[in-house]
Amino acid sequence: MNSYDPMTVQDAFSADAWQRSPLCGPDQGDCVEINLDRPGLVAIRDSKLADSPILVFSDSEWEAFTRGLHRAAFRSGGPRGTAPDGTTRP
C-alpha cells in the first residue's frame, strides 16, 4: 500500500480484527487499536472514535517505531540531553 486515504482505508481491514491492549482499562477509552489483518501492514486508530483516520505502516516501519518506544527515543528532547525541566538525561 503505497498511498491511501486515512479516512476511507477502513474497508481494506477487517472490522473484526481491531484489537486493544488489556492495559486500556475497564472503560476502553484513551487507547490505540491495532489491526494486523493485512500481511505486511499494521493499521492503527483511536479507540474512542471508530470513524477516526487510520494510519497504516509497513511491518518494517512499525518495527522501527516500536524499537524507538523501547529505547524511549520519543521523549521530549530525545533519548539524551537536557529535559524541558533542566535535568540531564543519561
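Worth saying up front: this structure is predicted, and the values here are computed from it rather than measured.
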Any side-chain heavy atom of Leu36 sitting closer than 4.5 Å to one from Trp62?
no
Please tabulate, one pair per line, all N/O donor-acceptor pairs under 3.5 Å involving side-chain atoms of residues 9-19, not counting sequence neighbours.
| from | atom 1 | to | atom 2 | distance (Å) |
| --- | --- | --- | --- | --- |
| Ser14 | OG | Asp16 | N | 3.3 |

Please examine the side chains of Val56 and Val42, heavy atoms only from C-beta on, and report whether any two atoms are closer than 4.5 Å.
no
Out of Val32, Asn35, Ile54, which residue meets the side chain to side chain contact (heavy atoms under 4.5 Å, CB included) rule with Ile44?
Val32
To the nearest 0.5 Å, how far apart are CZ in Arg20 and SG in Cys31?
7.0 Å
Compare every heavy atom of Pro53 with every heavy atom of Arg45, then report the nearest pair and how far apart it is.
CB-O, 3.9 Å
